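Predicted model only: the values in this text are computed from it and were never measured.
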Amino acid sequence: MRSTKFVSILLLCLAAVGCGANPGTQSKLFPASNPDPTSTSTSTSSSDVTALTVNNTSAANAFVNQSNGNLGANNVSKVNVHSLLYSGATTKILAHLLLWFGGSNHMNVGYKSNDAGQVERQVKDMISRGIDGVVIDWYGPNNAVDEATKLVMHEAEKHAGFSFAIMIDGGAMKNACSGCSPQEALTQLLQYVEKTYFNSPAYFAIQGQPVVTNFNVDRSVDWQAANGALKRPPRFLFQDQDGFRHAMSDGSYSWVMPGAGDYGLDYLSSFYQTGQASPKTETMGATYKGFDDALAGWGSGRAIEQQCGQTWLQTFAKINSMYSAGRQLPYLQLVTWNDYEEATEIESGIDSCFSLEASVSDNTLEWTTNGNENTVDHYAVFSSADGKKLTPLTQTAPGVHSVDLCSLSIPAGNDSLLVQAVGKPMLANRMPGAVKYTASCGASN
């Protein structure tokens with residue numbers, strides 16, 4: 001983004017331990033949107049191997065693993081992202097969205113951001129994972145990013161409860177008007193946003209006031225004067241700890257800080273402490289999987305290791321150590337949905353480096369695991385007669401690696417068993433190939 005910022009293959013994949021993915025449909029077993037974000041209950045309907053292994057994200061099917069840590073298009077957990085937060089959280093979760101892909105000046109990720117079909121896929125994918133809206137990195141009017149922003153607005157308006165907000169990027173200042181001063185540029189940008197986006201019923205607002213954030217906008221500008229030129233003044237959220245102290249601040253948001261050390265956790269602690277000490281302003285936290293600008297044209301060798309999904313989980317844990325049902329974090333920004341160039345994207349999923357292998361001993365199905373099990377939400381067990389259509393049997397919690405097959409109602413003729421490790425939110429699911437089972441514990445089985 002910027003500073004601080006394949007079904008022939010399936011058959012081969014199923015034979016490999018830890019196969020995950022690679023266009024597919026979402027699993028019918030696990031709801032796209034779960035009213036209870038902590039629930040992992042299955043339905044009694046059948047599904048199929050394809051639905052549980054191919055790409056179920058809005059990432060392009062052809063997108064492959066990258067050297068900066070981005071995971072190729074995968075089968076990713078649909079567990080509600082809110083489940084990673086503390087019990088009783090009412091936090092609104094927004095994903096930071098970039099809309100500049102498809103042009104020659106950015107990485108080819110397999111889609112164009114100003115394609116309405118892609119925008120629809122992205123919004124629906126976010127909703128299926130419990131995300132409440134987006135913050136759009138906006139580069140001013142009358143360009144491809146602005147065109148794509150309007151597509152996001154129209155798509156958001158089709159989905160009650162899903163919202164969008166504008167972040168004015170510093171790069172927008174030069175796109176506002178020819179030969180104008182920074183002050184004139186900011187005023188014209190805000191007036192355009194007000195006229196074009198504020199009236200949308202899907203625009204993100206706090207107590208009726210639209211919210212605007214910014215990134216690296218010239219600090220010499222007078223925000224109060226620019227605000228005075230608007231008919232509907234917004235709430236301004238600035239960046240980092242200093243953002244809380246800005247003269248026009250209604251709050252601040254945190255970001256990914258590759259130069260901060262400690263995976264950015266100390267920075268996040270300081271940010272949250274400052275937010276808690278500023279109760280009259282709004283706090284928007286940040287979670288991220290890591291950072292690596294090696295493939296970015298502007299890269300300078302900055303990186304935060306993903307730690308096989310641990311950085312993602314640790315940034316949530318930091319929130320949970322400082323907030324609770326009685327002391328809520330009001331807003332959280334996922335940094336980012338699709339910054340492939342700086343390797344903060346979560347659109348294609350996060351690699352947990354986890355795998356499993358199943359086997360049958362007598363009438364017990366068991367599986368061994370490799371990797372950190374704290375990345376697993378639960379295990380799902382299935383049976384099949386043809387190795388394709390699946391019948392859900394049961395689920396187990398992490399730490400439970402076997403089931404008594406005689407305790408399950410396995411349909412007659414189903415002689416194949418499969419186990420899927422369902423990842424925690426945004427982490428890739430893993431399901432190795434089937435194992436054979438010959439029932440020997442009663443006619444009902």
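Taking the ring-ring contact (aromatic ring centres under 6.0 Å, His included) definition, one finds that Tyr111 meets it with nothing, sequence neighbours left out. A search for ring-ring contact (aromatic ring centres under 6.0 Å, His included) contacts involving Tyr86 returns nothing, not counting sequence neighbours.
When only modelled atom types and interatomic distance are considered, Tyr267 and Asp240 share a side-chain donor-acceptor pair under 3.5 Å. Side-chain contact check for Gln239 and Asn216: no donor-acceptor pair (N or O, by modelled atom type) lies under 3.5 Å. A donor-acceptor pair shorter than 3.5 Å can be found between the side chains of Ser269 and Lys318. A donor atom on one side chain and an acceptor atom on the other are found under 3.5 Å apart for Asp146 and Tyr197. Counted by atom type alone, Ser58 and Glu347 present one or more donor-acceptor pairs between their side chains at under 3.5 Å. Side-chain atoms of Thr57 and Ser348 form no donor-acceptor pair, as typed in the model, at a separation below 3.5 Å.
Classified by interplanar angle (parallel below 30°, tilted 30° to 60°, perpendicular above 60°), the ring pair Phe236/Phe238 is tilted. Ring orientation note: the planes of Trp223 and His246 are nearly perpendicular, at an angle over 60° on the 30°/60° scale. Using cut-offs of 30° and 60° for the angle between ring planes, the Tyr331 and Phe204 rings count as perpendicular. Between Phe244 and Phe271, the ring planes lie tilted relative to each other; the angle falls in the 30° to 60° range.
In this structure, Gln224 places its CD atom where only 12 or fewer heavy-atom neighbours from other residues, nucleotides or ligands lie under 6.0 Å away. Counting heavy atoms of neighbouring residues, nucleotides and ligands inside a 6.0 Å radius, atom CD of Glu305 does not exceed 12 of them. For Lys150, the NZ atom is densely surrounded, since the number of other residues' heavy atoms within 6.0 Å is greater than 12.
In terms of modelled atom types and a separation under 3.5 Å, the side chain of Asn114 and the main chain of Leu151 share no donor-acceptor contact.
Counting heavy atoms from C-beta on, the side chains of His82 and Asp132 come closer than 4.5 Å. With contacts defined as side-chain heavy-atom distances shorter than 4.5 Å, the pair Val135/Val211 does not qualify.
Across all non-hydrogen atoms, the minimal contact from Glu341 to Met107 is OE2-N, 2.9 Å. Listed here is the closest heavy atom pair of Gln395 and Ala380: CG-CA, 4.3 Å. In this structure, Gln207 and Arg235 approach most closely via the heavy-atom pair OE1-NH2, 2.8 Å.
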Worksheet entry | Stepwise side chain to side chain contact (heavy atoms under 4.5 Å, CB included) test for Val119 and His154 | CA-CA 10 Å; Val119 168; His154 297 318; over 6 Å; no
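In summary, the aromatic rings of Phe164 and Tyr203 are positioned with their centroids under 6.0 Å apart.
Just one of Leu99, Leu189, Val212 meets the side-chain contact (heavy atoms from CB on, under 4.5 Å) condition when paired with Trp138; it is Leu189. For the pairing with Ile319, the side-chain contact (heavy atoms from CB on, under 4.5 Å) check across Leu268, Thr287, Leu84, Thr91 returns one residue only, Thr287.
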